[in-house]
2 protein chains.
Amino acid sequence: MKVLIVEDDPLHRSYLHEAVNAALPECDTVIEAENGTVGEKLARDHKSAHIVMDLQMANRNGIEAARTIWKERPETRILFWSNYSDEAYVRGVSRIVPDGAAYGYVLKSASDERLRLALRSIFIESQCVIDREVRGLQQKSLGQTNGFTDSEYEILVDIALGLTDRAIAKRRNLSLRSVQNRLQQLYDKLDVYQSAGDDHEDGRFNLRARAVTVAFLRKLLNYSALERAEAELQEWLDGK
Amino acid sequence: MKVLIVEDDPLHRSYLHEAVNAALPECDTVIEAENGTVGEKLARDHKSAHIVMDLQMANRNGIEAARTIWKERPETRILFWSNYSDEAYVRGVSRIVPDGAAYGYVLKSASDERLRLALRSIFIESQCVIDREVRGLQQKSLGQTNGFTDSEYEILVDIALGLTDRAIAKRRNLSLRSVQNRLQQLYDKLDVYQSAGDDHEDGRFNLRARAVTVAFLRKLLNYSALERAEAELQEWLDGK
DNA sequence: CGCCGTCTTGCGTAAACCCGCAGCTTGTTG
DNA sequence: CAACAAGCTGCGGGTTTACGCAAGACGGCG
């Protein structure tokens with residue numbers, strides 16, 4: 001059994017290396033990659049079916065790497081090991097995991113024991129292991145209550161990218177007015193009004209910009225999500 | 001001699017601990033804090049004059065902690081030790097460093113030897129040590145060419161927060177038109193047009209939102225900068 | 001089938017935004 | 001002091017946003 005570790009930080013990488021050795025005596029080879037690009041390549045070359053993957057890497061982040069890896073070999077088991085449980089990450093991951101794939105999401109703050117258990121559960125038992133903190137987010141996020149629909153999230157990303165209403169309409173095949181409807185929904189859910197109105201007519205916010213900020217502060221968006229969205233946008237622009 | 005380490009990540013913390021011991025035999029005590037809040041408190045209690053500080057911590061980030069520490073004791077020597085050299089961080093740090101203070105900025109990717117040298121230079125020799133990569137940014141950023149004026153940066157932050165032109169005018173004591181002038185400058189420097197116009201009248205961008213995105217992608221803004229700016233904004237709002 | 005909720009679309013309006021033009025106030029320089 | 005660059009400000013107008021109102025479209029459900 002081979003395990004591939006994809007992780008930016010040398011310290012974390014060697015920690016992981018040891019953790020894998022300790023948790024999985026049946027594992028005979030551990031290989032390491034220091035960014036997403038190298039990770040993809042090694043996964044391909046070694047046909048590795050067991051991967052521990054950091055999110056947030058400089059060169060090519062974990063989500064992108066995981067997506068291409070899963071596209072090539074959907075049965076690959078990936079344990080995501082991240083510092084944060086930003087909703088943006090959680091959403092990003094659950095968007096790309098193939099049906100029935102075994103994967104995990106463990107925070108770096110987890111104990112050695114928890115990491116050990118996760119490694120065994122996923123790689124040996126093929127079970128999904130989601131950190132309870134992450135799990136909570138997932139439920140709230142994907143459920144209706146207090147959560148964002150895909151269409152709402154979509155439009156959030158679009159204004160975050162800086163598209164005009166018209167451009168969004170074109171991209172999503174909607175009428176101008178529909179785009180604006182969705183924006184209103186979004187503003188509603190993000191609570192952009194209360195902070196805005198507030199009696200005083202001076203303290204007014206630009207709803208569109210404010211929505212993006214609030215989303216950022218709430219970790220609904222983060223750098224890596226923006227980066228991915230920007231790449232998709234460029235693709236679309238080139239495609240026509 | 002005492003050294004205070006303020007760092008989120010346990011692995012990095014113990015690595016730093018060892019590095020300090022190795023580099024500074026004259027140091028007899030090393031204390032650790034796992035976030036900015038605790039860091040401030042320990043710095044105060046121990047009157048520590050030598051600090052190694054991570055930027056980007058969950059609870060209270062390094063810049064905020066450093067600011068209050070320096071406010072209380074400006075002669076404190078701080079070595080910032082960070083994963084990234086985002087322009088937002090660099091700008092944030094140089095904004096708060098007191099006149100004549102000895103400080104340093106070293107990337108986590110630096111070699112052991114470089115970290116050792118930085119520790120000795122700052123803590124023993126009272127010299128500033130800025131990673132050359134960071135240094136480059138600093139020059140470019142604070143110089144005119146290709147860099148952003150304080151006023152431009154200020155307005156960038158304001159639109160990123162989601163303020164309207166009118167609100168910005170009120171906050172910065174400017175006329176509406178002046179605000180809009182600065183916005184134009186900003187749009188210019190951020191190159192929001194070329195990506196926008198592009199012949200096709202469909203691919204149009206919302207300049208205001210696009211500017212923020214571009215700034216984010218260029219690391220001119222990041223989460224921590226936003227967070228700080230938001231706090232300042234709230235303060236201002238409360239102040240009237 | 002009729003009723004109802006959700007989603008989409010068009011019309012119209014008030015406000016906000018982007019910006020060219022031009023007059024003023026500064027600080028700088030020869 | 002004249003000249004000039006740089007920044008602030010008001011005016012005017014073309015676009016874009018935000019959103020109420022109301023008319024369809026679609027899918028469940030009794």
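Source: prediction; values computed, not measured. Within every chain, numbering begins at 1; the chains are lettered A, B, ... in the order of the sequence lines, protein sequences first and strands thereafter.
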Show the numbers, then the answer: is there a side-chain hydrogen bond (donor to acceptor under 3.5 Å, both in side chains) between B:T68 and B:E40?
CA-CA 7 Å; B:T68 73; B:E40 286 177 22; 3.3 Å; yes
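- The residues B:K108 and B:D131 are annotated as not salt-bridged, no charged nitrogen and carboxylate oxygen being separated by less than 4.0 angstrom.
- Rounded to whole angstrom, the span from the CD atom of A:E152 across to the C1' atom of C:dT6 amounts to 13 Å.
- Within the 4.0 Å cut-off from OP1 or OP2 of D:dT9, at least one side-chain nitrogen or oxygen of B:S175 is found.
- Checked for salt-bridge contact, A:E235 and A:R228 miss the test: no charged N lies under 4.0 Å from a carboxylate O.
- Residue A:R182 is classed as a sugar-phosphate contact, given heavy-atom separations below 4.0 Å to backbone atoms only.
- Between the P atom of C:dC7 and the CD1 atom of A:I155 lies a distance of 13 Å, rounded to the nearest Å.
- Note: CD1 (B:I168) to P (D:dC8) measures 14 Å, nearest angstrom.
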In B/S/- notation, 5' to 3', how is nucleotides 12-25 of chain D contacted by protein heavy atoms closer than 4.0 Å?
----SSBBBB----
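- Atom P of nucleotide C:dT9 and atom NZ of A:K170 are separated by 14 Å, given to the nearest angstrom.
- Separating the CD atom of B:Q185 from the C1' atom of C:dC17 is a distance of 17 Å, rounded to the nearest angstrom.
- Side-chain rings of A:F216 and B:F216 approach one another, their centers coming within less than 6.0 Å.
- There is no side-chain donor-acceptor pair under 3.5 Å between B:N206 and A:T164.
- With contacts defined as side-chain heavy-atom distances shorter than 4.5 Å, the pair A:Y103/A:T76 does not qualify.
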